[in-house]
Each structure stands twice: as structure tokens, then as C-alpha cells.
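Take a look at the structure set out below.
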Amino acid sequence: MASKITLLNEQIVVLRSNTQAESKIQAAVLQKELRHQEELTNRLRYTEEQLAREQEQSKSTRKIVRALKARCARAPVILDGKLVKAKLRQSHNFKLKEKGVYSPEARSMIRAAVNSGCSRQKVGCLIRSMGKFFSVAIKDPISRRLVSHAILEGGIAAKVQLGYEIKRTKSLTISGDGTSHRKHAYESRHVALRVPDYSNVDGPLSETPAVRLLGVDSTVDQSSDISKDGWIQKINDISCVFNESPLAQRTDQKLTLTQFARKLKGMNGDHANKEKSTASSINAWKQELSILALGEEAEVDNISASNLMQYLVTWNEKKVADAGGIRAWNALSPADQIQREKVLVYEMKMDLGLKAYEELPDDEKRDIDLFLWAGCCMHKDQNSTEGGNKEMMAWWQLTGNTPPILLANKQSTATLRKILDPSRGSAPLTEAEETAIAASTRGGVKAVAIAGAIFNNKDDKKGQGDSHVFYFTHLAGKTIRRFPDTNNTRFGSHAEAAAELLTYLDDYRSYMLQIKDKKKASAWTNIELNVFNALHDEPTLTELAVLTLYSQAVTHPYMRKVRGPGTEQTNVLDLGEMHTQVRDFVQKIIDDPDLLISDNVDPKTASFDGKPWQRPEAVAAVLKLTPTLPHLKPLLAAFCKGALATWIRFSSEFAPGGLIDCATPEERKQAWMPSTNDTNEGALGGFRVDLRETPCLTQHQYNAKAMFKWNNTQDFMDAVFTPSDHTFIMQKAREVDASGLEKKRREEQVAYDLRVVEEKRQKVSARKEKVDTRQRHLESLELITSTEKIGGLRVVDLDDQLDLLQALKADLEIPKKSKRGNKPEKQGHLTKAYKQYIQDVPAPRATRIPSLHTSSANVDVTVSAFYEDDDEDEVDES
């Protein structure tokens, strides 16, 4: 039992131990399961979280996909916009400098700013402001000096352009005009030639020539010789600049004065004698260079050696003979011999050239000789009006009709009032009164001239100015233009002013009263009273009517044909027939003034071109006044007679059988010239305006700017220039800037003035010495005592006695020395003068003249009356 109990106990112990082991095992298993379950739970949670994240990411991805699809749809539009913005950013990021040097584009922009009116000082500020507007910061400074250099570079480019165009053209013509500014003479020069189209540089030249500006340059005086030398210097300067340029070297071209002369076919300008003389001198220069060129081109190879040797020997002998012989030649200095050798070579070339010229065919001779001249059409009409006015003013005296009222100046008015005083009676006029009458003018032209001084004075502080404009604008109910600028003598202004006064005659009469009554003292000034009286004077109104009718019937229609729209390509050489028609039309008015004055006047027949009147209201005003103007018809005919004579004189270049009339259509085409001288007149006017606005502007700076702008040089540069050309003009501009051109120009003018003064002083001194010598000789003479001694006098003694008589009594009728004839005639003059002296001078009579050791002024008084100056026919062209 005990053993069983013990066994049981043991079994219980075993069971307990087994149970504990199992419990441990179960606990371990349970813990393992718990850990596994926890791991699974964690995995599940992680998976759920990952799934949630994937779902969120998937949702986000879908949004991104949708956004990308939308962006892809917008991509073309966005791309186009980006490209535009990129281009804009590229253009906005404009670099003024390239490798430390301002780029050609920057310099072009500077010149464009100046040509648009921007001050040199403000160009940099303007460009920075423009950059700021476009959100571009420009850091590179633009100084005034840089601007001046850029302008000079444009001028150098313009000279290269002129050389290039002159070289390419087959023919050309030139034109010029002159003026004065602040006591110095200036000349404008242009050339007309066919030029390339710079959108197609290698294409054919333009059919119609372009007019290119060569510059406005000062001249030491206004003589034709100086003008010709100025032309040669200008062309030579252009040739030198072009020949130095990379463009000339790149194209293997060279321009010479001879080439220019061979292409020169004519010249046009105004009708001044100086311009005609200049054209004649340039034609002679052209012929000389052409003959020299033929001499240089002469083929001496065809001459046999013996003949060539004999030819050279002959010229060498001439050279020695001209020097005075071989000894004289050997005595010359080397410099003198070289100079004579040059003259010899020149003469040989001319001789060879003349021989070659004579052997040319007639058509080649004609091509070399072709040089035509034509005058400005505007000046033709202007002078015809002046000629008509002179004839109209003379008509009053010729017919004995009451002339227009005198329009005396303030100084003469007081004197004239004394003459018109009834209490004066028939007392003779004094010298002062005669001078006052001679100084006073009258007529329609004078009336509109002083009217312009009142209504539109060139001095803004004088005259009525804007008061006139405001008054007539109020009357008309619309803005009107200013009174025609007669105070500045603008072209056609006097006829325009006449039409203005007659159109609003009653209004101007009222306005003159308003001017007077507006003043505190209610009084006229002298010029205002003159205008008021002229507006109430029938002869003066008649002249105004004639000026109006002529301008409407002839001047305006003529100007429409030579200067109106569509006439830019008109060749003045083709207008010969038209000028014949003008003369015929003016003659038609002379034959029948009713053509312009009748009640049924029609512009189709009464106007030169058959078109409507320029101012119909002016013609209507004249016709309304016609019943009160009894002398209108004969005065109109007289005006047209004077105008016709002037038309004939000033259109003589178109005369039948003349150079222009005999020229072929092809020759006239080669010698194309504009119908007016507007380009030169405009260049001179622009020059004066620029100098007034910029007094310190140098001449070469003005020319650089004006030539670049007028000649469209930027187009030429864009089409032809390479980097080397831009470098060249920059270097050349700095040479010009450092050369002191303006200082040299002024010094040349001063040196010329001093030389002229010195030459004139020497002439005066020589003349005084001559007069003093003659005076001393006359003092040594004694007058003959009777006419019986005249027969025994020599010719020189006869002249001495005549001169002595003239000195003793200045009013004796003794002709000048050059008009006294031969010895018998001089004897007759002396006999007559001596008898008159004896008769007029009571005894005791002087037989000697007193010794005069006084000033030269006294010498002139006593001697110049009978002494014939050798220089009396000398003409000073200046």
C-alpha cells in the first residue's frame, strides 16, 4: 500500500512534472502563436496602410495624369508663346557693345534718334528711357561725344555711298545754289543719278534718277571760279574716301575725277549769272579732263619709232625755247625744271587728246561734248511775275492815268506832307523833297509787302500775329491760316497776299479800324495808315486784282505742272513744249483780257491747265470789283506783256535750234534734271535753321547728318556693308574729328578776307599815286592864251590842255579821254572848251590850278572829274 502510495506519489510527481512540461510547452506554443498573431496583425496593419497609401498615390497619380494630359493639350500653344517670349527676351537683351566697342546697330540707333530731332546730349537718356519702358536695363553710357562720332561715321558712309553710286551709274547731272548766313557765303550741291535698289543691290539701276545731297559748304566768296573749285574739291574728297574704303578694294573699283567728268551731262540751278558762269566753267573743266583722258589713252605703239622720237624732240625743243634757250634752261633750279616738265607733259597729253578727239566718230564726239543747262521753273515764274509788275507800274506813267497812292516810309511822310500842303503853291521841290519822292514806292506789290509786315511779321514781337488769326477765324467760323509770308519773301507770297486782301476786302478794312481803335490813343502808325489807304485806293486795288488773276490763271496751273503731285519724276529737259504753251497762253490773255474778266469766265479756258481755280473765291472777288476798276483790262494786258517778255528771256534754253531742242530723247534721258531747284533751296534753308537752333554746330557735322538722312545711307549700309566697312568709317570719322576742319575753314576765310583787303588797299594806293602824279603834272602846266596855239600842240599836249580846262572848270563839256577821238577831233574839243571857258569865266581868269597837297579825298574831287580810271569797268563778283 505504501508502495502503491509511493508509486502513486511518484506517478503524481511524474504527472506533475509532465504537466508542467506540457504547460511550458503549451505556454511556449501559446506565446509563439501570440507573437505570430501580433506579427500577422502588424503585417495586416502595414498592408492596410500600404494599401491606403497606394490608393492615395493612385488617386494622386490619376490627377497628375489628367494634368499632364491637359498640359500636353496646351503644349503647342505654350511652345509658341515660349518661342515668342524667347525672341522678345533676345531682342530686349540688346548689347550696345561688342568686345568693348559700340556695335553698328547701336550706332545706327543713335543716328536714328538724332535724325528724328533728339538732341545729341539727350540721346543716351532717350535710349535708357526706351529700354526701361521695355523692361531692359541699358548700362552702357552714351555720351555726347559718342553721338558726334556716330554722326560723322554716317557722313563717311554717305561719301562711300556716293562714290559707289557714281561709279555704277552711266550718266549724271549736278545742281547748286548759294546763299549767305551771318556775312559768309554758302553753297549747296546735289547730284542726280540712277542708283541701285538696295533690296536687290545687284539688280538694274533705277529708271528715274535720285537726287543725292553732296553737302552745304562755305566758300570764301561767291565767284564762279571759287564755286567751280569747290565742286572739284567736293568730288575729289568723295573719290578719295571711296577709294580708301574696303568696299572699293573688295569690289576692285576706283573712282577718278576723269570718270566723273565723262559721266557728267549737265547742270541746273537758278538763273543767276553766277550759276550760269559756274556751269560754263564746269563744262570747260569737263571738256579738258575728257581730252586729257583721250591723250592718256592714245596708242603711241602704233607710231613708228622715228616719228615718236621726232615728236618728243619737237616738244623738248619747245620746252627749252619757252625757257629762253638751253642756257636759261640749265640755269633753272631743279624744282622749276620739274614744274616745266609737268606743264610739258600736260601740253603733250592735250595735243594727243585733241588729235584723238578729231579721229572719233561723230556720235562719240557728241557724247563727250554733251553738257546741257536748264534753269529752275519756279524762278522762271517768279521772274515773269516781277517782269509783269514792272510793266504794270510803268503803264500808269505811259498812259497818264492817276497812279497808285504813294506808300512812303515814316521818314519821308513828313516831307511829303509839306509838298502836298495847298499853301505851298508852285514852289520848286527841294533836294530833300525830291529824295523823299524817289525813296517812296507805290502799287500792289508794295501794299502786300507792308500788309505782311503788319499781319504776319517775321519778328514775333511785331505786328498783329495771332490777333489777326483769331479775328479772321472768328469771322470765318473755322480755323484759317496765317497771312501769306511776304515779310520773308516766300515764293508766290505777294500774289497770294493780293488774293487774300481782295477776298476779304471789307473785313480787312474793318480790321484796320479795329487795330486803330484798340489803342489807347486811337491813332494810326505810318505803316498801318499806308495799308488802310491802299485798301481804299482804286489804282492799288486794280494792281492787286491783276496779281490775283495772273496767279490763278498762270502761276498756280504752271506750278502744278512742274512741282505738283506726280511731278517728282519730271525731266525739266522735256518741258520745252510746255513753255511754248505758257507763252502762247499769256499772249492769248494780252489779245483778249476778257478771257479772265468776263462774267462767264470759265477755268477750263481761262486757266493754263484747264483745271479749277486754286482759290475760286479770290477770282469771284475780283469779278465783283471789276465794275469799280475801270483800268483793269488794259493793266492786265500790260502786266502780261511784261510777263511774256520775261518768259521768253528766262526760257531761252528751250529755244528752237538750241542744245536742249537738238538733243535726242536718249540724251535728254541721260541728262535728267529735276524741274525745280527745290533740293538746293531746301538744303540751304535747313542749314540756316539748324545753325539758328544749334549755333555751335560745325559744318562737317551738319553735312554728315544731312547727307546720311537725305541720301538714305542706312539702306545702303544694311545692304552692302561688312564688319570691315564699319571699322573703316569709325577710323575715318576719328581722323576727321581730330583734323580741325572747322578751325581750318575759318582760318581760310580770314586769310582770304585779309588778302582781298590788302589787294584792294594796294589798288587804292596805286590809284592815289597815279592821281597824285597826274595832279602834279597838271600843276606844272599853264593854260594856252589863245586858240591859235592849238594847231601846234602834240596829241599829248592836247590831252593835257583838256584835262587842265576840266580841272579849272568842272562843268565844261569835255568828253572822257577814251572818247576824244583822233588829233583833229581833240583839237575841236579843245577849241570848243577853251571858248566856253573864256565866255563863262570873267577876267582875270586862272591859267594854272593851285597846288593841292591835301587828302586823297580832295584829290578825287579835283581830278576824278576829268581823269579816267583804268579800273572803272572792273566788276566785283562778290
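For NZ of K365, the number of neighbouring non-hydrogen atoms (other residues, nucleotides, ligands) closer than 6.0 Å is greater than 12. Open room surrounds NZ on K835; 12 or fewer heavy atoms of other groups in view lie less than 6.0 Å from it. Within a 6.0 Å sphere centred on CD of E782, other residues, nucleotides and ligands contribute more than 12 heavy atoms. Heavy atoms of other residues, nucleotides or ligands lying less than 6.0 angstrom from CG of N273 number 12 at most. Enclosure of atom NZ in K641 is not indicated, since only 12 or fewer non-hydrogen atoms of other residues, nucleotides or ligands lie within 6.0 angstrom. Atom CD of Q762 has more than 12 heavy atoms from other residues, nucleotides or ligands within 6.0 Å. Counting heavy atoms of neighbouring residues, nucleotides and ligands inside a 6.0 Å radius, atom NZ of K276 exceeds 12 of them.
Ion pairing of E347 with R340 is absent here, as no side-chain N (NZ or NE/NH1/NH2) approaches a carboxylate O to less than 4.0 Å. Between D800 and R774 there is a salt bridge, since a side-chain N of the basic residue sits under 4.0 Å from a carboxylate O of the acidic one. Salt-bridge check for K588 with D584: failed, with every basic side-chain N at 4.0 Å or more from each acidic carboxylate O.
Between the side chain of N283 and the main chain of A279, no donor-acceptor pair closer than 3.5 Å is present. At distances below 3.5 Å, not a single donor-acceptor pair connects side-chain atoms of D270 with backbone N or O atoms of G176. For the pair T219 (side chain) and Q222 (backbone), a donor-acceptor distance under 3.5 Å is absent. In terms of modelled atom types and a separation under 3.5 Å, the side chain of S652 and the main chain of I648 share no donor-acceptor contact. Side-chain atoms of E275 do not come within 3.5 Å of backbone N or O of G375 as any donor-acceptor pair. Remark: side-chain polar atoms of Q587 are not paired, donor with acceptor, to backbone N or O of L644 under 3.5 angstrom. Panel note: side chain K274, backbone S224; no donor-acceptor pair is recorded below 3.5 Å. Listed for the T773 side chain is a donor-acceptor partner under 3.5 Å among the backbone atoms of E769. Judged by distance alone, the side chain of R442 and the main-chain N or O of P404 form a donor-acceptor pair under 3.5 Å. S280 contributes no side-chain N or O that, together with a main-chain N or O of S277, makes up a donor-acceptor pair within less than 3.5 Å.
The heavy-atom pair separating N526 from A408 by the smallest distance is ND2-O, 3.0 Å. The shortest non-hydrogen separation linking I660 to W373 is CD1-O, 3.5 Å. When all heavy atoms of G576 and F654 are compared, the closest pair comes out as CA-CD2, 3.5 Å. Minimum heavy-atom separation, L372 to A663: CD1-CB, 4.3 Å. The two residues A495 and S551 have their closest heavy-atom pair at CB-CB, 3.6 Å. The two residues L547 and G444 have their closest heavy-atom pair at CD1-C, 4.3 Å.
Taken from CD in E358 to NZ in K355, the straight-line distance is 11.5 Å, to the nearest 0.5 Å. To the nearest 0.5 angstrom, T542 atom OG1 is 6.5 Å from L632 atom CG. Note: D772 CG to E779 CD = 9.0 Å, rounded to the nearest 0.5 Å. The structure places SG of C376 at 8.0 Å from CG of N268, a figure rounded to the nearest 0.5 Å. Here the NZ atom belonging to K286 is positioned 14.0 Å from the CE atom belonging to M267, to the nearest 0.5 angstrom. Atom CG of residue L636 and atom CZ of residue F639 lie 8.5 Å apart, to the nearest 0.5 angstrom.
In summary, the side chains of D221 and Y752 do present a donor paired with an acceptor at a separation below 3.5 Å, with no hydrogens or angles considered. When only modelled atom types and interatomic distance are considered, N383 and T646 share no side-chain donor-acceptor pair under 3.5 Å. There is a side-chain donor-acceptor pair under 3.5 Å between Y550 and S384. In this structure, a donor-acceptor pair under 3.5 Å is absent between the side chains of Q287 and Y357. With hydrogens and angles left out, the side-chain atoms of S188 and D177 include no donor and acceptor closer than 3.5 Å. In summary, the side chains of Q749 and D753 do present a donor paired with an acceptor at a separation below 3.5 Å, with no hydrogens or angles considered. D797 and Q801 share no side-chain donor-acceptor pair at under 3.5 Å.
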Please assess Y834 against H829 for the test side chain to side chain contact (heavy atoms under 4.5 Å, CB included), listing each intermediate value before the final yes or no. CA-CA 8 Å; Y834 182 78; H829 291 313; over 6 Å; no
Intermediate values then yes/no, side chain to side chain contact (heavy atoms under 4.5 Å, CB included), D229 and Q233: CA-CA 6 Å; D229 293 341; Q233 182 180 356; over 6 Å; no
After noting the C-alpha distance and the side-chain angles of K319 and W329, does the key distance pass the side chain to side chain contact (heavy atoms under 4.5 Å, CB included) rule? CA-CA 9 Å; K319 174 191 68 176; W329 172 262; 3.5 Å; yes
Trace of the side chain to side chain contact (heavy atoms under 4.5 Å, CB included) decision for L793 with I784: CA-CA 10 Å; L793 297 177; I784 57 175; 4.2 Å; yes
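Residues E391 and C640 form no side-chain contact, since every pair of their non-hydrogen atoms from C-beta on lies 4.5 Å or further apart. Counting heavy atoms from C-beta outward, D381 and F650 have side chains that stay 4.5 Å or more apart. Annotation: side chain of P815 is in contact with side chain of R820 (closest heavy-atom distance under 4.5 Å). With contacts defined as side-chain heavy-atom distances shorter than 4.5 Å, the pair D217/Y186 does not qualify. Side chains of N677 and M378 form no contact here, defined as non-hydrogen atoms less than 4.5 Å apart. At a threshold of 4.5 Å between non-hydrogen side-chain atoms, the residues H579 and K380 count as touching. Counting only heavy atoms from C-beta outward, the side chains of W395 and E543 never approach each other to under 4.5 Å. The closest side-chain heavy-atom distance from E758 to L754 is not below 4.5 Å.
The side-chain hydrogen bond (donor to acceptor under 3.5 Å, both in side chains) check on R761 picks up nothing, with sequence neighbours excluded. By the side-chain hydrogen bond (donor to acceptor under 3.5 Å, both in side chains) test, T540 pairs with D537, sequence neighbours left out.
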